[in-house]
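By convention here, the first residue in the shown sequence is residue 1.
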Amino acid sequence: MPKNSRKSTLFLDIGGVLLTNGWDRNIRQGAARHFNLETDEMLERHHLTFDTYEVGKLSLDEYLHRVVFYKKRNFTVSEFKKYMFGKSKPFPDMIAMMRELKSRYKLKVAVVSNEGLELNEYRIKKFKLGEFIDFFISSCYVHYRKPDPDIYKIALNIAQVPPGEVIYIDDRPLFIQVASELGIDGILHTEFNSTKKVLASMGLVYR
């Protein structure tokens with residue numbers, strides 16, 4: 001790393017950066033069509049319930065009971081979960097870049113994400129994220145969700161680094177804005193090459 005660079009730590013989102021989103025609007029709408037659900041009712045119930053699931057106060061079964069299985073269905077909870085989990089796909093170029101940057105520059109790497117417990121743990125294991133991520137500041141573990149500033153403060157405390165040593169990569173502008181108010185430099189991720197270029201400008205050169 002160049003001498004004038006003080007960056008020692010990466011904070012990364014999972015959905016939209018390392019992997020596809022876990023359970024976003026498009027996937028929910030697709031599930032409603034696939035299982036022939038009442039879309040508006042399902043989405044309304046989701047919005048009233050999901051924050052509670054993401055901060056670890058509901059299990060996935062409890063969330064699904066409130067959102068989908070509040071009435072008898074012609075499919076099982078297991079079938080629905082299989083559909084949910086099966087929508088997660090990796091972004092191999094981003095994962096490869098994070099692995100190499102961590103190794104080359106001896107970085108600390110943390111995830112700061114909003115994810116419910118079961119989906120979060122499935123994605124970590126399925127895509128071997130623990131092989132290059134040092135710790136997971138997931139909403140389901142710390143009981144705060146982005147954009148609450150406290151989730152970033154927790155991440156800084158666990159990483160034991162000042163904000164100025166962190167680069168935070170996320171695909172949501174508001175989350176980048178809130179982190180920047182704490183002194184964390186952010187990269188708004190839209191696609192691999194642009195993020196690679198900005199990282200290089202900050203002293204982290206990939207290949």
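In the displayed structure, N193 atom CG is contacted under 6.0 Å by more than 12 heavy atoms of other residues, nucleotides or ligands. Atom CZ of R66 sits in a sparse spot, with 12 or fewer heavy atoms from other residues, nucleotides or ligands closer than 6.0 Å.
In terms of heavy-atom proximity, T39 sits nearest to A32 at OG1-CB, 3.5 Å. Listed here is the closest heavy atom pair of D170 and V17: CA-CG2, 4.0 Å. Between P147 and L174, the shortest heavy-atom distance links the atoms CG-CD2, 4.0 Å. Between I27 and G22, the shortest heavy-atom distance links the atoms CD1-O, 3.8 Å. Residues P173 and L188 approach most closely at N-CD1, 3.6 Å, considering heavy atoms. Taking both residues in full, the closest heavy atoms of L64 and V77 are given as CD1-CG1, 4.1 Å, listed atom of the first, atom of the second, then distance.
Under a 4.0 Å N-O distance rule, the pair D13/K146 qualifies as a salt bridge. Salt bridge status for K81 with D61: present, with a side-chain N to carboxylate O gap under 4.0 Å. Ion pairing of K87 with D24 is absent here, as no side-chain N (NZ or NE/NH1/NH2) approaches a carboxylate O to less than 4.0 Å. A salt bridge between E165 and K108 is absent, with no side-chain N of the basic residue lying under 4.0 Å from a carboxylate O of the acidic one.
At distances below 3.5 Å, at least one donor-acceptor pair connects side-chain atoms of R104 with backbone N or O atoms of V205. One N or O on the side chain of K7 and one on the backbone of G164 form a donor-acceptor pair closer than 3.5 Å. Between the side chain of T20 and the backbone N or O of K89, at least one donor-acceptor pair lies under 3.5 Å. H189 places no side-chain N or O within donor-acceptor distance of the main-chain N or O of D171, the cut-off being under 3.5 Å. Panel note: side chain S180, backbone D185; no donor-acceptor pair is recorded below 3.5 Å.
Under the 4.5 Å side-chain criterion, counting only non-hydrogen atoms from C-beta, I137 is in contact with F135. In this structure, the side chains of Q29 and N26 come closer than 4.5 Å at one or more pairs of heavy atoms. By the 4.5 Å heavy-atom criterion applied to side chains, L60 and F85 are counted as neighbours. Annotation: side chain of N120 is in contact with side chain of I124 (closest heavy-atom distance under 4.5 Å). Residues I14 and F127 form no side-chain contact, since every pair of their non-hydrogen atoms from C-beta on lies 4.5 Å or further apart. Looking at heavy atoms from C-beta onward, I151 lies out of side-chain contact with R145 at the 4.5 angstrom threshold. Considering only heavy atoms from C-beta on, I169 comes within 4.5 Å of M98 through its side chain. Between N36 and N74 there is no side-chain heavy-atom pair separated by less than 4.5 Å.
Atoms CD1 and NE2, on I154 and H143 in that order, are 9.5 Å from each other to the nearest 0.5 Å. Summarising the geometry, atom CD1 belonging to I133 is positioned 9.0 Å from atom CZ belonging to R99; distances are rounded to the nearest 0.5 Å. Atom CG of L129 is separated from atom CD1 of I95 by 6.0 Å, given to the nearest 0.5 angstrom. Between the OG atom of S139 and the CD atom of E54 there is a distance of 4.5 Å, given to the nearest 0.5 Å. E44 contributes atom CD, which lies 9.0 Å from atom OG1 of T49 (distance to the nearest 0.5 angstrom). The distance from atom OG1 of T9 to atom OH of Y168, rounded to the nearest 0.5 Å, is 14.5 Å.
Using modelled atom types and a 3.5 Å distance limit, the side chains of R123 and S88 yield a donor-acceptor pair. Y53 and E118 are linked by a side-chain donor-acceptor pair at a separation below 3.5 angstrom, with hydrogens and angles left out of the test.
Ring-centre distance between F35 and F80: below the 6.0 Å cut-off. Checked against the 6.0 Å centroid threshold, F11 and Y152 do not count as a close aromatic pair. F69 and Y63 have their aromatic ring centers separated by at least 6.0 angstrom.
At a threshold of 4.5 Å between side-chain heavy atoms, the hydrophobic network of Ile, Leu, Val, Met, Phe, Trp and Tyr places M202 and F192 in one connected group. Grouping the Ile, Leu, Val, Met, Phe, Trp and Tyr side chains by contacts below 4.5 angstrom, directly or via other members, places L43 apart from L37. The cluster map of Ile, Leu, Val, Met, Phe, Trp and Tyr, joined by side-chain heavy atoms under 4.5 Å apart, puts V142 and L58 in different clusters. Residues V111 and I187 are members of one and the same hydrophobic cluster, defined by side-chain heavy-atom contacts under 4.5 angstrom among Ile, Leu, Val, Met, Phe, Trp and Tyr. Grouping the Ile, Leu, Val, Met, Phe, Trp and Tyr side chains by contacts below 4.5 angstrom, directly or via other members, places L101 with M94.
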Verdict with supporting geometry, Y141 and L117, side-chain contact (heavy atoms from CB on, under 4.5 Å): CA-CA 8 Å; Y141 299 144; L117 179 63; 3.5 Å; yes
Worked verdict on F132 versus L18 for side-chain contact (heavy atoms from CB on, under 4.5 Å): CA-CA 12 Å; F132 66 97; L18 299 176; 4.3 Å; yes
Criterion side-chain contact (heavy atoms from CB on, under 4.5 Å) on F175 and V112, from CA distance to verdict: CA-CA 10 Å; F175 297 165; V112 183; over 6 Å; no
Chi angles and distances behind the side-chain contact (heavy atoms from CB on, under 4.5 Å) call for T195, V198: CA-CA 5 Å; T195 294; V198 177; 5.9 Å; no
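For the pairing with E38, the salt bridge (charged side-chain N to carboxylate O under 4.0 Å, His left out) check across R33, R45, R73 returns one residue only, R73.
Residues satisfying the side-chain contact (heavy atoms from CB on, under 4.5 Å) criterion with K126, sequence neighbours excluded, are Y122.
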